[in-house]
Amino acid sequence: MTVDSSKNERYNAREAETRWQKLWDERGIYATKNDDPRPKYYVLEMFPYPSGRIHMGHVRNYTMGDVVARFKRAMGMSVLHPMGWDAFGMPAENAAIDRKVHPKEWTYANIAAMKKQLQSMGLSLDWAREVATCDPSYYKHQQKMFLDFLKAGLVERKQSKVNWDPVDHTVLANEQVIDGKGWRSGATVEQRELTQWFFKISDYSEDLLNALDTLDRWPEKVRLMQKNWIGRSEGLLVRFMLDAATAPNKESELEIFTTRPDTLFGAKFMAISPDHPLATAAAAKNPKLAEFIEHCHQMGTSQAAIDTAEKLGFDTGIKAVHPFDPGWKLPVYVANFILMDYGTGAIFGCPAHDQRDLDFANKYGLGNTPVVCPPNQDPASFVITDVPYLEDGRMINSRFLDGMTIAEAKEEVAKRLERETRGNRPVAQRQVNYRLRDWGISRQRYWGCPIPVIHCEKCGVVPVPASDLPVTLPDDVTFDKPGNPLDRHPTWKNVKCPQCAGPARRETDTMDTFVDSSWYFARFTDPWNEKSPTTPKVVNEWLPVDQYIGGIEHAILHLLYSRFFTRAMHKTGHTGMDEPFAGLFTQGMVVHETYRTKSGDWVEPANIKIEGMGDARSATLMTTGEPIEIGSIEKMSKSKKNTVDPDDIIAAYGADTARWFMLSDSPPERDVIWTEEGVQGAWRFVQRLWRLIGEVAGVKAPTARPAEFGPAALVVRKAAHRALNNVSDDIARLRFNRCVAHIYEFANALSDAIGEVETAPTPDMAWALREAGDILVRLFHPMMPHLAEECWATLGHGTLVATEAWPPVEPELLVESTITLPVQVNGKKRAEVTVPRQAGEADIKAAVLALDEVKKALDGKSPKKVIVVPQRIVNVVA
RNA sequence: GCGGGCGUGGUGGAAUGGUAGACACAAGGGACUUAAAAUCCCUAGGAAAGAAAUUUCCGUCCCGGUUCGAGUCCGGGCGCCCGCACCA
């Protein structure tokens with residue numbers, strides 16, 4: 001059959017896409033009802049920060065989620081697929097400072113712009129459930145939960161060290177401290193103690209760690225990252241006596257935490273944190289020590305500061321007594337590398353078996369005694385100089401431990417010290433420690449959720465009564481001065497104490513924006529509930545989220561906080577489960593080539609003209625013709641100007657092309673390289689499908705299904721059902737790149753079949769072609785929904801393909817009556833053999849040995865063995 | 001330093017221990033066209049032999065091992081990438 005393709009019009013994506021989007025919207029087909037009796041499926045992509053424009057990363061993320069949503073809907077499930085805005089945060093305040101726009105105005109304008117962009121992508125979202133975290137109708141529930149958590153003992157107020165910018169009068173996150181200076185002000189950052197609000201996530205350390213094992217639909221990598229982050233270690237708390245003659249005031253002992261009690265006989269010194277009470281007490285009598293501690297405080301907590309910091313110590317003159325030998329005295333140092341908030345803020349140092357202790361001991365001439373001897377090493381000649389010995393071995397120089405393994409020695413030390421008591425308490429006890437710290441949520445910023453408490457001089461900290469919620473942000477604030485606008489506001493913080501009615505002060509700190517994103521997935525289940533954050537019956541039906549999709553950059557903080565928050569909500573009656581996300585998928589980034597001028601300035605791809613192919617490619621600036629250097633492939637970023645605007649792509653090619661390209665080629669968990677050629681390839685395929693379906697629509701189909709199908713028609717039907725089977729399987733496993741390949745294969749096969757049909761097809765062929773067309777459209781619908789609707793209409797269906805059921809596979813079409821098996825001789829492929837599918841091993845063997853190629857390869861010898869793997873392969877061993 | 005991942009054509013990548021390179025991009029050749037675009041057809045891991053059909057050898061970072069059979073499993077090495085990191 002020949003078709004004059006010139007008569008076919010091009011598929012006009014821009015026109016068709018807006019038309020179908022309007023129709024979907026009018027019919028409300030993506031609205032999800034909570035009382036829908038069908039099985040529920042919740043698919044969620046990480047909601048965006050409303051920065052102003054969507055980027056290609058969003059397109060990739062939301063396309064993947066949309067494919068899943070549309071597939072599950074076609075599988076007959078009630079699908080929840082909502083979208084919202086992670087709308088509080090610093091960029092809005094920065095915009096206010098830089099551009100004199102109010103953060104609220106800026107944020108809502110961005111939301112409106114981005115919503116329009118998302119809608120142009122044709123995502124099957126239930127916009128009726130849209131939430132913005134900056135809206136009082138959202139954050140009032142967050143404030144209520146804060147108060148519930150407070151009552152349940154999940155919140156506490158305590159002193160904590162922060163990075164303080166003395167010029168901007170604000171607390172900085174570690175990432176905002178660059179080379180010890182504030183990123184905005186450039187001022188040297190100080191360490192300050194501030195009273196802050198904390199969520200007691202560390203109460204759940206053990207549970208958060210153990211439950212990772214139940215998250216079997218999470219990437220192994222993310223579970224491992226969380227495991228390391230929580231950082232469980234088992235060790236021993238040991239109380240050292242202090243030599244009374246040297247100890248300041250009443251301090252009589254020093255408690256340390258160690259995971260290596262076996263090395264106790266290798267101890268050379270004790271070290272305590274500059275913030276340790278013993279250090280403070282000693283400093284009170286020793287100005288030089290006080291000076292040293294002050295010096296330690298000036299060091300930043302940033303990575304750079306830690307990397308470059310030298311290990312420094314100060315001998316306090318205090319002596320500690322070795323727990324196994326009253327006559328053995330150890331010097332106590334204050335050391336800058338000891339953290340106050342891990343363990344007890346104090347250690348004993350065993351230089352021979354710890355790198356830091358060795359560096360420290362070498363610097364201050366404290367020496368070392370090896371106590372673990374490597375296997376096959378003479379203890380007499382075993383010496384440590386610059387490299388500590390960290391592996392297993394036998395104990396030496398350790399009195400009653402000598403000869404034991406490390407594990408035996410650990411156990412022996414623990415047993416002995418546990419038995420021994422001092423002042424009614426054992427000298428040592430076993431303890432499990434976690435690296436995970438409590439979650440400090442106080443931020444001295446305006447654009448965040450106000451913390452709903454009031455400070456009264458008489459009553460102390462008083463929660464805002466639930467009836468007074470929400471505590472809303474005042475609109476009349478200024479950003480002309482550094483510091484927190486809420487603190488500066490003339491009236492907002494002045495309130496009456498809810499308890500004594502006396503004058504009181506409102507808390508001016510707002511919550512970390514990670515709080516906002518720690519429960520939005522729960523709010524989506526019933527965003528209409530004005531009284532409570534969630535509706536228990538509803539939230540328990542929808543949660544946990546069946547499939548959560550987002551970037552790997554949230555592997556730790558967001559996902560861990562959400563896991564904690566769900567537990568806290570459970571404890572306070574807002575949810576009925578502990579884990580928010582049953583399935584997690586982390587998608588890769590969108591990356592692009594970079595371009596820069598001779599002088600090193602980055603140039604946007606849109607301003608570049610590329611000529612030549614492969615290695616001979618060269619680029620010039622479109623405006624001036626200046627030569628441009630083609631650089632490495634990097635994550636799309638504004639600073640390197642290698643971004644591609646989704647709006648431009650959708651305007652030029654349509655949303656379906658962008659969606660298809662985002663799913664093609666690269667496996668979804670890996671980075672995908674954005675190329676102009678790739679987009680054009682996708683666009684050509686859109687047009688090809690349109691023409692192909694046009695040709696199928698031109699086939700006059702018999703109304704009744706034929707009783708018999710000829711061989712040619714059977715080939716078409718098999719191709720269709722094989723594709724159906726493969727695509728179904730691969731969507732379910734989120735292997736979108738393979739779905740794309742299978743759809744290409746099927747389209748190629750259908751195209752070939754139509755090409756081979758002369759004039760009018762036979763009724764069985766006509767029926768098979770129409771069936772194949774229907775299946776093809778429904779297969780690519782999740783990826784390219786607009787094109788699918790257009791094609792579905794072309795095929796004469798009066799329905800929307802978006803509401804069509806997934807077609808059923810006919811399993812008998814997946815099996816062949818004969819199979820072709822590769823034949824190997826000694827593991828090398830020499831021939832193929834075609835046998836009936838049901839053929840037995842003996843028949844296959846006979847057929848294989850009769851092959852000329854096999855006879856030739858055997859060269860007259862008889863085979864030692866013939867291995868027949870059913871349905872797979874035959875191997876003749878000579 | 002600790003933990004994890006990866007290494008396959010010109011490129012992105014396929015391949016439950018069973019025909020390595022599916023599918024796509026880029027490329028080359030051809031058809032159609034005044035021409036271009038668009039579209040369609042053909043070729044394509046490397047090497048050698050042959051007029052050709054075709055045949056042979058080599059080939060998944062390197063070295064070894066397990067197996068009838070290894071891109072896949074195991075041991076060692078090299079290279080790249082990611083996460084965490086003064087955590088006692």
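The analysis underlying the following values was restricted to heavy atoms, covering all of them including side chains, and did not include hydrogens, waters or symmetry mates.
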State whether A:W229 and A:R435 meet the cation-pi test: NZ (Lys) or CZ (Arg) under 6.0 Å from the six-membered ring centroid, and within 45° of the perpendicular axis. yes
State the pairing partner of B:C68; accept Watson-Crick or G-U wobble contacts with both distances under 3.5 Å, and report none otherwise. B:G18
What integer number of Å spans the C1' atoms of B:U60 and B:G79? 16 Å
Look at the side chain of A:K311 against the base of B:C86 and say whether a donor-acceptor pair falls under 3.5 Å; ignore hydrogens and angles. yes
B:C81 base / A:R670 side chain donor-acceptor hit below 3.5 Å: no
In whole Å, measure the gap between the P atoms of B:U11 and B:A27 for me. 15 Å
A:K829 NZ to B:U56 P, in whole Å, measures 11 Å
Is the phosphate of B:C2 approached by A:N228 (side-chain N or O, under 4.0 Å from OP1 or OP2)? no
Are the aromatic rings of A:F269 and A:Y364 close, with centres under 6.0 Å apart? no
Against the side chain of A:R735, the closest entry in B:A15, B:A24, B:C68 is B:A15
Donor-acceptor side-chain pairing of A:R670 and A:Q587 below 3.5 angstrom: no
From the list B:C87, B:A22, B:G13, which nucleotide is the closest neighbour of the side chain of A:R356? B:C87
Give a yes/no on whether any side-chain N or O of A:R691 is located under 4.0 angstrom from OP1 or OP2 of B:A38. no
Glycosidic class, syn or anti, of B:G45 using a 90° window around 0: anti
Using the side-chain heavy atoms of A:R872, tell me which of these nucleotides is nearest: B:G13, B:G18, B:G3. B:G18
Could you label the plane-to-plane angle of the A:Y744 and A:F685 rings as parallel, tilted or perpendicular, counting under 30° as parallel and over 60° as perpendicular? tilted
Does A:N737 have a side-chain nitrogen or oxygen under 4.0 Å from the phosphate oxygens OP1 or OP2 of B:A22? no
Among B:A88, B:C40, B:A14, the one nearest A:T259 by side-chain distance: B:A88
Closest of B:C86, B:C40, B:G12 to the A:S666 side chain is B:G12
For nucleotides B:G71 and B:U33, find the distance between their C1' atoms and express it as a whole number of Å. 47 Å
In whole angstrom, what separates A:Y342's OH from B:C86's P? 12 Å
Between B:A36 and B:U54, how far is it from one C1' atom to the other, in whole Å? 40 Å
Do A:Y342 and A:S233 meet the criterion of a side-chain donor-acceptor pair at a distance under 3.5 Å? yes
Take the protein atom CD1 of A:I230 and the nucleotide atom P of B:A85, then report the distance between them rounded to whole Å. 14 Å
Rounded to whole angstroms, how far apart are CD on A:Q824 and P on B:G18? 11 Å
Choose from B:A88, B:A15, B:A24 the nucleotide whose nearest atom is closest to any side-chain atom of A:R738. B:A15
Checking N1-N3 plus N6-O4 or O6-N4 for Watson-Crick, or N1-O2 and O6-N3 for wobble, each under 3.5 Å, the partner of B:G1 is B:C84
Could you tell me the separation between the NE2 atom of A:H276 and the C1' atom of B:A88, rounded to a whole number of Å? 13 Å
Heavy atoms from C-beta onward define the side chain here; which of B:G12, B:U16, B:C86 lies closest to that of A:N336? B:C86
If the cut-off is 4.0 Å, is A:R10 near the phosphate of B:A38, judged by side-chain N/O to OP1 or OP2? no
Paired with B:U33 by Watson-Crick or G-U wobble geometry, both distances under 3.5 Å: which nucleotide is it? none
When the C1' atoms of B:A47 and B:G64 are considered, how many whole Å apart are they? 27 Å
A:E677 atom CD is separated from B:G13 atom C1', nearest whole Å, by 17 Å
Minimum-distance nucleotide (side-chain atoms of A:R435 versus B:A85, B:G13, B:U19): B:A85
Sort out the partner of B:A24 for me: Watson-Crick or G-U wobble, both distances under 3.5 Å, none otherwise. B:U11
To the nearest Å, give me how far apart OH (A:Y434) and P (B:C84) are. 21 Å
Hey, can you tell me if A:H295 and A:F292 have their rings parallel, tilted or perpendicular (30° and 60° cut-offs)? tilted
Thinking salt bridges, do A:E234 and A:R232 make one under a 4.0 Å N-O criterion? yes
For B:G29 and B:C80, measure between their P atoms and round to the nearest Å. 38 Å
Which of the following nucleotides, B:U19, B:A22, B:C57, is nearest to the side chain of A:P822? B:U19
For atom P, what is the distance between B:C61 and B:G9, given to the nearest Å? 7 Å
Hey, is the side chain of A:K865 poking within less than 4.0 Å of OP1 or OP2 on B:U67, counting only N and O atoms? no
To the nearest angstrom, how far is A:F746 atom CZ from B:C23 atom P? 15 Å
Kindly indicate whether a cation-pi arrangement holds for A:K311 with A:F337, taking the cut-offs as under 6.0 Å to the six-membered ring centre and within 45° of the axis. yes
Looking only at side-chain atoms of A:I673, point me to the closest of B:G12, B:C86, B:U19. B:G12
Please report the distance separating the C1' of B:U16 from the corresponding atom of B:G12, rounded so that it comes out in whole Å. 24 Å
